[in-house]
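Throughout, protein chains are lettered first and strands after them, A, B, ... in sequence-line order, and every chain is numbered starting at 1. Because the structure is a prediction, the values reported are computed rather than measured.
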Amino acid sequence: MNPWQDFTNAESLSQEHVPLLRPDDFFASVDKLLTSTRAVAYFARPLGDSQELTAVFADDAANRLLTARTLVTETQIPQLSDRHPQLHRYERELAEYGLLSAPNLPRLRRPPLVGDSEEFHPVPGEDVHEVAVGPVHAGVIEPGHFRFQCRGETVYRLEIALGYQHRGLEAAWEGGPNARTRHYAETLAGDTTIAHTSAYARVLEALSGTRVPLRAEALRALGLELERLANHVGDLGALASDTGYLPTASFCGRIRGDFLNLTALVCGNRFGRGWVIPGGVAFDLDKPRAAELLKRLDVLTKETTDAVNLLWSTSSVLARMEHIGTLTREQALTLGLVGPAARACGLVRDVRFDQPVGMYRFQQIPVSTYDTGDVFSRTYVRWLEIQKSLTFVHDLVKNLPSGALSAPVGALKPNHLAVALEEAWRGEAAHAAWTSSDGKLARYKVIDPSFHNWTALEWALKGQEISDFPLCNKSFNLSYCGHDL
Amino acid sequence: MTLLAPLLHGLTLLLVPPLLLGTVNKTKSWFAGRQGPPLLQPYYDLVKLFRKQTVLSTTTSWIFRLAPFVLLVSTAFAGLFVPLFNFAAPLSFSGDFILVAYLFALGRFFTTLAALDTGSAFEGMGASRELTFSFLTEPALFLGFLTLVKISGSLETSGFLLSPLLHYNSQLTAPLILTALGLFLVFLTETSRLPVDDPATHLELTMIHEAMILDHSGPLLGAVEYSSAMKFLILGSLVVHTAAPFPADWPGGFALPLAEVLVLAVFVGVLESAFARLRLKRVPLFLTGAVLSCGAGFLLMMR
């Protein structure tokens with residue numbers, strides 16, 4: 001019998017209900033469970049003299065989450081990522097806290113200096129050359145360092161060094177909630193404001209036992225889908241631009257702004273800041289605005305369809321995207337991929353479907369998958385999702401439930417664990433929090449979808465042309481600040 | 001007229017090239033539904049670059065500072081052999097097309113040398129790609145030249161490009177079309193246009209020509225950009241003389257080839273809007289197509 005406690009998305013558990021296992025049993029069950037579930041969170045917090053390690057796994061087939069914890073002292077955690085690569089980045093983080101001794105695990109958050117090649121793994125041989133890109137890039141993008149080991153134009157290995165954007169966000173949450181903590185969630189990854197703020201709000205709601213009004217849930221879903229639409233459309237434009245195909249690049253660049261403006265129509269901010277608050281939402285969608293939104297949505301639906309369909313009818317674009325940066329379904333499972341990148345490998349994996357909360361319990365959205373696992377697949381899955389989201393938003397706005405906008409959030413229950421997952425446009429955004437005995441946030445953990453997916457980019461580049469890297473990178477379009485926190 | 005013709009040729013060679021790049025950009029903007037930069041933007045850019053300070057990498061030597069100007073001078077010199085109008089270019093001698101081809105090669109040699117001089121991984125890759133592809137454009141260019149020489153019987157660039165035999169001869173249609181097509185592909189490659197290179201990209205890893213000049217700044221960059229524009233005019237003239245040998249015996253008709261180059265610039269803009277870039281691995285196939293096209297044209301002439 002499995003001793004782990006099962007619970008659902010956006011539910012809280014008191015400390016007694018999170019099974020405390022002996023380290024041996026704990027790691028043995030982690031090893032066993034990871035063959036059929038995937039890691040959602042795997043983090044430590046100081047508790048007395050030792051450290052408490054909490055694991056939250058998702059059993060997507062059963063639509064349940066599983067959790068257990070154990071107490072460990074320093075460097076007592078065995079390295080399991082050799083057998084379960086999806087734990088790789090979690091273990092790197094634990095190693096940085098000094099909880100895991102693994103000399104072969106590279107650091108997650110490197111100091112903002114590049115150059116010491118000992119940190120990387122060079123490929124030996126006279127013909128091999130190293131190419132270093134970043135952390136300062138040619139475009140106005142976030143900092144990250146890419147180290148390629150190449151022979152001619154072929155990439156033998158790519159290593160990605162991140163951590164330049166580490167802001168100590170998780171530590172800043174401790175002792176909260178206070179006036180600032182919501183804004184940390186809003187600005188954690190600027191393009192994923194709604195998803196992260198919703199997850200944060202759900203954590204607080206679960207910990208305080210707040211019931212969110214249905215209208216607020218509907219408006220959150222609206223915000224989340226508008227965020228997805230804006231970013232997916234922007235990504236399709238950027239992918240077109242990287243193949244050198246101008247028309248779609250220009251149109252989608254403009255249309256992305258129009259979708260952002262729909263968010264601004266409701267809450268006054270293009271990225272949805274200030275829209276979602278713990279307990280509900282801060283801005284309503286009144287009748288005239290709803291009519292205006294639907295009117296603009298109809299125009300945008302047509303324009304997006306026209307601009308994106310140019311891609312599928314231009315063979316030179318398809319030639320650039322097919323059979324590039326391919327990941328297999330097995331690799332996706334092994335790495336614990338999330339979001340469009342996972343669905344592009346044929347995995348049916350979507351928080352809105354597997355672990356639904358809020359509006360998605362009542363109004364389902366189909367999971368869009370494609371199975372070739374290459375750049376084309378990741379591009380095409382985005383287009384499928386755009387179409388599904390457009391329909392969803394249309395139906396949602398037409399049938400908005402009535403009711404209050406928010407409910408008051410009371411004090412947090414002491415010594416509780418809460419976990420909330422949201423399907424952000426990049427994939428699963430997970431927030432987990434432990435409260436202290438005085439009802440404050442004692443440990444706050446955020447796992448951005450990029451945290452799962454960065455390793456996939458390294459794998460996808462093996463044996464590829466180095467000139468295809470920008471396109472591959474764009475097909476994942478991962479967040480640096482979401483990863484670095 | 002004896003003095004006027006070389007003067008007009010020289011002034012055109014010096015002043016018109018940036019306009020062509022402006023035309024390409026304007027066309028692309030129009031296709032993308034944007035207003036785009038002003039038509040004269042490349043001129044402003046050049047003036048700006050020549051007024052700017054040069055920042056030099058500490059790893060570079062005198063080669064790096066010399067190379068852009070060798071490129072500029074060799075390109076301009078090559079331009080004196082290729083007719084831009086329907087009258088002969090200022091300079092010509094028997095077999096001058098070999099000099100033209102190798103003046104371009106000289107400029108390329110110095111550009112790649114300067115790129116390697118910086119010791120940067122990007123510029124090394126750019127230089128390697130540039131040389132690999134020029135290895136394929138050169139045979140295409142020469143086969144094209146040989147076909148034109150065979151048709152006209154003249155060994156001078158002005159001679160074979162302006163040969164009246166190029167006009168109105170159904171016997172020559174097939175080889176001329178094949179040669180023009182091959183030279184057009186060479187033109188796209190040599191001027192770093194799509195589908196081979198993307199002059200607008202900021203992604204270093206995909207660049208060819210642009211990767212080689214990442215470290216250039218100020219007047220050095222200006223000289224490289226100016227030479228690229230000039231190359232566009234010179235090779236463009238080569239293509240239009242081969243592809244569209246219209247007679248121009250009406251008043252003002254002498255400027256027809258120049259107008260055709262402008263149309264070519266618009267056409268390049270249309271092409272760049274309608275197609276995505278090739279995968280780098282496929283570029284050699286594209287260039288093999290250029291060699292085969294020019295080669296087939298040559299074979300047809302050898303019957």
Side-chain angles (χ1 to χ4, degrees), chain A residues 129-134 136-141 146-150 152-155 158 237-255 303 307 310-311 313-324 375 461 464-474, chain B residues 24-36 116 119-129 131-133 188 192-208 210-211 213-215 268-286:
Chain A
H129 64 103
E130 240 186 26
V131 181
V133 184
V136 178
H137 298 278
V140 184
I141 60 162
F146 302 92
R147 189 66 66 98
F148 298 87
Q149 311 287 338
C150 304
E153 297 279 339
T154 310
V155 178
L158 161 65
L239 280 158
S241 157
D242 280 8
T243 61
Y245 187 63
L246 279 176
T248 307
S250 309
F251 289 125
C252 284
R254 194 262 300 161
I255 296 169
E303 287 179 343
L310 282 177
L311 285 181
S313 58
T314 308
S315 54
S316 57
V317 173
L318 298 180
R320 287 282 281 136
M321 292 180 166
E322 284 167 352
H323 313 297
I324 293 177
V375 170
L461 247 282
Q464 298 288 308
E465 306 271 296
I466 190 168
S467 56
D468 287 335
F469 170 74
L471 191 60
C472 268
N473 186 24
K474 197 58 64 50
Chain B
V24 176
N25 288 338
K26 205 70 186 170
T27 313
K28 285 168 76 173
S29 309
W30 186 79
F31 261 86
R34 292 183 289 121
Q35 197 179 350
L116 295 174
S120 141
F122 294 137
E123 300 192 35
M125 278 197 301
S128 136
R129 288 167 185 171
L131 290 180
T132 310
F133 298 151
L188 287 180
S192 336
R193 310 306 309 191
L194 261 80
V196 176
D197 202 351
D198 183 359
T201 187
H202 66 270
L203 306 163
E204 304 98 332
L205 292 175
T206 68
M207 293 173 175
I208 301 172
E210 293 290 312
I213 58 170
L214 282 173
D215 268 55
V268 167
V270 174
L271 271 187
E272 297 204 353
S273 305
F275 290 100
R277 200 181 152 187
L278 281 173
R279 283 184 77 177
L280 207 59
K281 211 160 70 177
R282 300 266 169 85
V283 171
L285 287 176
F286 176 85

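Comparing B:L278, B:L203, B:D198 by heavy-atom pairs within less than 4.5 Å of chain A, the highest count is held by B:L203. Most heavy-atom pairs under 4.5 Å with chain B, from the set A:I466, A:V317, A:L310: that is A:I466. Ranked by non-hydrogen atom pairs under 4.5 Å with chain A, the options B:S120, B:G33, B:A274, B:A276 are led by B:A276.
How far CD of A:Q464 is from NZ of B:K281: 7.5 Å, rounded to the nearest 0.5 Å. Atom NE2 in B:H202 sits 10.0 Å away from atom NE2 in A:H137 (nearest 0.5 Å). Taken to the nearest 0.5 Å, the CG atom of A:L471 stands 11.0 Å off from the CZ atom of B:R277. Expressed to the nearest 0.5 Å, how far CG of A:L246 lies from OG1 of B:T27 amounts to 11.5 Å. If you take CG on B:L205 and SG on A:C150, they are separated by 8.5 Å, rounding to the nearest 0.5 Å.
Both the backbone and the side chain of B:R279 come within less than 4.5 Å of a heavy atom of chain A. Contacts between B:L214 and chain A at a heavy-atom distance below 4.5 Å are absent for every atom of the residue. Heavy-atom distances place both the backbone and the side chain of B:S273 under 4.5 Å from chain A. Contact of B:A200 with chain A is not made at all, since no heavy-atom distance falls under 4.5 Å. Only the side chain of A:I324 has a heavy atom closer than 4.5 Å to any heavy atom of chain B.
The two residues B:R129 and A:S467 have their closest heavy-atom pair at NH2-CB, 3.9 Å. The two residues A:A138 and B:E204 have their closest heavy-atom pair at CB-OE2, 3.6 Å.
Evaluation of the side chain to side chain donor-acceptor pair (under 3.5 Å) test over residues 243-254 of chain A, restricted to residues two or more places apart or in two chains, returns A:Y245-A:T314, A:R254-A:D258, A:R254-A:E303.
Applying the side chain to side chain donor-acceptor pair (under 3.5 Å) test to A:K474 and every residue at least two apart in sequence or in another chain returns A:D242.
Around CZ of B:F275, the count of heavy atoms belonging to other residues, nucleotides or ligands within 6.0 Å does not exceed 12.
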